[in-house]
Amino acid sequence: MPDSSTGSTGNTARPSRRAVLAATAAAGTALAAGGTVHAAGPSAPDDRRLRALVSRMTLEEKVGQLFVMRVYGHSATEPDQADIDANLKEIGVRTAAELLARYRVGGIIYFAWAHNTRAPHQIADLSNGIQKASLGLPRGLPVLISTDQEHGIVARVGEPATLFPGAMAVGAGGSRSDARTLGRIAGRELRALGIRQDYAPVADVNVNPANPVIGVRSFGSDPDAVARLVAAEVAGYQRSGVAATAKHFPGHGDTVDDSHAKLPYIHHTREQWERLDAPPFEAAVAAGIDSIMTAHIVVPALDGSEDPATLSRPILTGILREELGYDGVVVTDSLGMEGVRTKYGDDRVPVLALKAGVDQLLNPPSLDVAWNAVLKAVRDGELTESRLDESILRILRLKAKLGLFEDPYVTHEGVDRTVGTRSHLAAADRIAERTTTLLVNEGGLLPLSRRSRPKLLVVGADPASPSGTTGPPTGVLAGALTELGFTATALSTGTAPSAATVAKAVAAARDADAVVVGTYNVTASSSQKALVEQLLATGTPVVAVAIRNPYDVAHLPGVPAYLATYSWTDVELRAAARVIAGRVGPRGTLPVPVQRADDPATVLYPVGHGLRY
């Protein structure tokens, strides 16, 4: 059901501009900072008016403005009962509107699992409902709505929105123009939905193949190449009127731990940090990045206290603010992650983050605990109100730059003109074609001919779709190959195929002209190895596709043809099918090195490796 505040049609989804200005004027915020975002860039915010806004805020309103919070439901005022129950349990409110009224939060983050992103018109209506609820409050301010739309394996807005290859795939393409195009189109679509802050791009340099949390979310292992692509994507997003967010400062690329589950340590020296981790963030700052996200990691060389970077004044103020000269918005990674909760309690974390130099406090596990802790810290004198004012002014400057004071609403017509258009989808397909990487092609097995090898079996891992695409991978590949003239049959064997599953695939392979197998994070002990080895033993030609990490190829040296797609989203799998069929040639090159499985000190395929035909 559409949000009752916006109606159900494009003509009624957007309040009139006069109504918007009247609402903001009544709250003392009318045109506090002029400036809709135009192609040539936003007009400069008026600090005098923004400071006047801050001076009229109560202390409680100031505290709220610092928080970016999740909320369950597809509607700001009429979510489903299950979402009301979840909100009551986790936040103590029923709806997004009640969240805003109680805590006056400055931002809301959208998640698919919170049922915020079901369909384009619904997302637009939710955004409008949130803005209307906030602007209707005394001294109401527009809300900065954000999400994690990295593309590839992390995206919160799925089809029919345009979904692009992820960062490592873009790194394999190596094109700054493609990175800018991705940011420009993705930014336009997010803005049409009312989302003005995107937690992308990932600026981490993935120098550790065992990294469990970054991996293919990174553009690659070369700091300068990553820096160039980060800057290009930032430019694309921000020219579309969406705030880009470089993450995760000071760099999460060399860790074997996942900060969602524990507190990782990175043991780079200061010189190594400057050489490996810093360049993409320096490039983002030089490109005028609007926001930077912190990492819940310990870097002893940067802060001897061994506090996580999110809570480290030497890192956030000393390095990011003072050395790198960054004066934009600093947002924490989610405060619900264990990496930031292991050393201090949930009441101390937001206070310490603000003392370190953070502006936005993202998604605390308990908003009530965090909000009251900040309020108490100010009343007790641990935090000054002027310290809060510094962060609030940065946040309001960003809202002004993004045009939220002038016009925070979106329309169904704008959604229909922008989201998932034919030209946008075609651009995503073209970019994906430039990323597919051919690692091995013994005897010129690829491309496959539909005349000599018309009957294909597609087997392999079928992990859940990462970003609202159709999936599963075997089905997508088989469907795409069938559309290209083959007769392709899909048989899911999973990430840990049993002996019976392997036997079934082997039997089917004997009746096929070639087998395409999707591999997913293969290890030395993975039963995926047994599957591939037994398929090879049938004598049927085998083409393998690494659908996540390109490192799989090191564990399967007998495969005669191996492709890397860097993700199992539809756009990348369809591009791989076109490469397999010879409709397009492989053009990607490895953005990370692949080491030998039996000797990690030896590089099997270096950065830049990629075959052609």
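The structure displayed is predicted, hence computed values, not measured ones.
Side-chain atoms of T245 never come within 3.5 Å of backbone atoms of I292 as a donor-acceptor pair (strictly under, hydrogens ignored).
Between the side chains of S218 and N206, no donor-acceptor pair of N or O atoms lies under 3.5 Å. A donor atom on one side chain and an acceptor atom on the other are found under 3.5 Å apart for E189 and T162. When only modelled atom types and interatomic distance are considered, N87 and R94 share no side-chain donor-acceptor pair under 3.5 Å. Side-chain contact check for D462 and T474: at least one donor-acceptor pair (N or O, by modelled atom type) lies under 3.5 Å.
A salt bridge does not link R217 with D204: every distance from a Lys NZ or Arg NE/NH1/NH2 to an Asp or Glu carboxylate oxygen is 4.0 Å or more. The pair R587-E433 does not meet the salt-bridge criterion, since no charged nitrogen lies less than 4.0 angstrom from a carboxylate oxygen. With respect to the salt-bridge test (charged N to carboxylate O, under 4.0 angstrom), the residues K247 and D148 qualify.
Taking the six-membered ring for Trp and the full ring otherwise, the centers of H121 and H412 sit less than 6.0 Å from each other.
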*Please walk me through it: do S127 and Y110 pass side-chain contact (heavy atoms from CB on, under 4.5 Å)?*
CA-CA 10 Å; S127 299; Y110 285 172; 2.9 Å; yes
*Would D327 and R394 count as a side-chain contact (heavy atoms from CB on, under 4.5 Å) if you check the C-alpha gap in whole Å, the side-chain angles of each, and the deciding distance to 0.1 Å?*
CA-CA 8 Å; D327 193 37; R394 289 192 188 101; 3.0 Å; yes
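Atom CZ of R341 has more than 12 heavy atoms from other residues, nucleotides or ligands within 6.0 Å.
Classification of the W113-F111 ring pair by plane angle, with boundaries at 30° and 60°, yields parallel.
D198 CG to Q149 CD: the interatomic distance, rounded to the nearest 0.5 Å, is 6.5 Å.
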